[in-house]
Amino acid sequence: MQTGAKISGAVHVGLILVVLFAGSFESDPLPFEMASATVVSAEEYAALVSGEKQPEVSETPEAPAEAEQPAAAPEEPPAEPEPEPEVAEAEPEPEPEPTPAPEVAPAPVEPQVRPQPDKPDVVEAPVEQPEETAAPKAERIAPEIVETPPPDAKPDEVKQAEVVPDEGAATPQEPKEETAPKEATDRIEPEQKPNLALAPQQSVRPSVRPTRPAPVETAAAPEARETPEPKPVEKPVEKPAEKPKPVQEAKTEPKPEPKPEAKPVDTSSAVNDALAEALGGEKSASPAPSGPPLTSGEKDALRIAVQRCWNVGSLSSEALKTTVVVNVTMSQDGRPDTGTIRMVSSSGGTGGSAQQAFEAARRAIIRCGASGFDLPADKYAQWREIEMTFNPERMRIR
Amino acid sequence: MKRYMLSLLIGASLFFTNVSSQVAAQNGPLRIEITDGVIEPLPFAVPDFVPASGEAAQVGRDIARVIASDLTGTGLFRELPSSAYISQVRDFAAPVQYADWKAINAQALITGSVSVSGGQVTVQFRVYDVFSDAELGNGLQFSGSASGWRRMAHKVADAVYARITGEGGYFDSRVVFVSESGPKDNRLKRLAIMDYDGANVQYLTDSASIVLAPRFSPSGDRVLYTSYESGSPRIYVLDIGQVQRRVLQQQEGTMSFAPRFAPNGKTVVFSIEKGGNTDIYAMDIASGQTSQLTNAPSIETAPSFSPDGSQIVFESDRSGGQQIYIMPAGGGEARRISFGQGRYGTPVWSPRGDMIAFTKQNQGRFYIGVMRTDGSEERLLTASFLDEGPTWAPNGRVIMFARETQGAQGRSSLYSVDITGRNLKPVPTPDGASDPDWSPLQN
């Protein structure tokens, strides 16, 4: 029986652990597997096929650049960015009509935005560009994706291949990827920069990236510089960096709280020590298990919140010499339990003045706590009971 | 299986109880220190006092208005207008709807009732700390003649002030001063007395002769003052209640002025100018026995007792310029306490004993200031063409003084200022006014 019980217990513990941690483990392996499988099969074939023509690509980008200068990029823009770039382009176009920049912008923008994660590999970028230019060559790949309409699908297919390494999505997901990634990019742009001024900047950035490969080619760079000049060059660089941020921020608004916790780790440990000392040696050994103590920032926020309502203007000069220590029990919603507010001790001044000093402190706690102090709910155990020292020394009339 | 399940449950319960015990064990209070606050008037509400009868309604309104004026006038309180009230107080005994007063941020609430019968007014009131859902102290009741309703209102305000600030009020007090009328070169002066807020002005003398520097006795029932009635300055004692006066005994061929009572009310200190030299003397009022407290070739004058009667602060130019000195009440070695730029005069010891108010003259301007009794922490509260004659409120928190404007049409009037330098404001008087002296709180 005992052995059976031990075995069953071990199994149960294992099951519990699995239940607790299985979620995080499961999610990871899936993407890894998917990524490895897809990358090997689909892209390499295309890359091998197109790789032979890469030298040609180096020449081809020059050609589109030249074609762009005379504003003669009719073939590429209509074919590639019909749905996605059009929105971004449509805005800039009306404003800077004379400048060929908008036209230039759309074509390179899309392909570049997607390869952004690939930025470190600058060399690869030109490799991708040839794919675009090699759009006619994509017909060779077409047999694989034949299902979709041949003319319009060409640019889409190229994009899919690029996205695949990021998400590791399988080739059959192609139609889904078309809509999903496009929507994401479109949404991000309008959220951050809905104004007109921002629109031209976006159009500029495509020109910038062609400039990056341009240094290799040397032809496109000077051209792009002439129209948008240095500003667009800097801005596009910043924008791609900023765009991913807003997406994260919007999604992880609550997360910023844990972040400050992580940052002041040092101070929190110091606070821990201070708390341990203050609490005395008896139970100082068990501060950690109930969770981290309030960070200095969280304590400052509380202190400032109380200070806002601590009005000493109506206190006598004697009361202004009196430091009172007030203890209050907090409810879980951050409001003080007014019935529990009591004076622990007072120093300085006279006995009578301590009462007025305490009453002013009590008013401060109640008034500014009426709507609940901004305290981390997950650390309720840390601030269920608060001892506030009201020291008016700095407020005293001198 | 059941056993396994049971063991699992036990294990789980042990696990959670362990955690909860750790949480509980760590529950020391969070400690924070508040060192910065705000200084702003405390919002209060004082609805009209509930009348016990129809004839008391007006008195109830008037009393509430005087209380509001007293508290607001300190600069420490701010009245919320009745138009902001959510609930009305129609029954003095009914429980207070704290939520309604919290909603308009009334931090203190004063409610009261008033009844009038047979020429007697009875006032009851309570003070509430709204945000604490509690009453501050117990209710109080005052009774008096119907004509003295303002005093009862002042007494209520004093009680409210004391309960909230922790120091005594000063509303039920009076001020004696020199009322001035006419042009500067032919100014008529007479003694007048009024409530601290300028109400109930009464004249104590006529304008036939020049009067100067009236000073209350410690009990507030008598006034010392200097009059030129006889052609040269002499000191008189005036009984306010009976409006009777008598002249203090005086040596022939001397001028006496700048009198002030000792805290015991039996001794008077003053200056005597004799042969071009001025020194400070003390006189027992009852016996007329006089003793000389200073003996220097310089001018010593403007003596003022410390509240405990053990020391006297006065001004002297023995060092060349006019400065402030302190000596024992019985005379003796004096120590100088003022060392700043300019000349210092008219020192007055605070009724709290911790500060000395003075007039300072420097580079053509006059200042009212305060300093500690050792001369430290000098702080100038006002500045103008001519500020002089400070006098302390009974609680030592406010100073009243006279300010005269420049030019032939210059007019002297009274002002008050908090010792923090805030809340400088004029005190209404029917005519020009100078030389104020603030009485102690009335009994």
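Note that the coordinates shown come from a computational prediction; the quantities given were computed from them, not determined experimentally. Letters A, B, ... are given to chains in the order of the sequence lines, protein chains preceding strands, and every chain is numbered from 1. Values below: all heavy atoms of this structure, side chains included; hydrogens, waters and symmetry mates excluded.
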Closest heavy-atom contact between [X] and [Y]?
X: B:Thr35; Y: A:Arg394; result: OG1-NH1, 3.4 Å
X: B:Ile34; Y: A:Trp310; result: CG2-CE3, 3.6 Å
X: A:Arg367; Y: B:Asn105; result: NE-OD1, 3.7 Å
X: B:Arg352; Y: A:Ser317; result: NH2-OG, 3.1 Å

- Return yes when atom CG of B:Asp308 has more than 12 non-hydrogen atoms of other residues, nucleotides or ligands closer than 6.0 Å, and no otherwise. yes

Can you tell me how far apart [atom1] ([X]) and [atom2] ([Y]) are? Round to the nearest 0.5 Å.
X: B:Gln107; Y: A:Ser314; atom1: CD; atom2: OG; value: 8.0 Å
X: A:Asn327; Y: B:Arg31; atom1: CG; atom2: CZ; value: 8.5 Å
X: B:Ile32; Y: A:Arg303; atom1: CD1; atom2: CZ; value: 7.5 Å
X: B:Glu33; Y: A:Thr323; atom1: CD; atom2: OG1; value: 7.5 Å

Most heavy-atom pairs under 4.5 Å with chain A, out of B:Val38, B:Ile39, B:Leu76, belong to B:Val38

Note: vs chain A, highest number of non-hydrogen pairs under 4.5 angstrom among B:Gly166, B:Ala162, B:Gly396 is B:Gly166

Would you mind checking which part of [X] comes under 4.5 Å of any heavy atom in chain A, side chain (CB onward), backbone (N, CA, C, O), both or neither?
X: B:Asp129; answer: side chain
X: B:Asp354; answer: neither
X: B:Arg163; answer: backbone

Among residues 353-364 of chain A, those lying within the under-4.5 Å heavy-atom range of chain B are A:Gln356, A:Glu359, A:Arg362, A:Arg363

For a 4.5 angstrom cut-off between non-hydrogen side-chain atoms, does B:Leu30 reach A:Gln382? no

Is a side-chain N or O of A:Ser316 found less than 3.5 angstrom from the main chain of B:Thr165, in a donor-acceptor match? yes

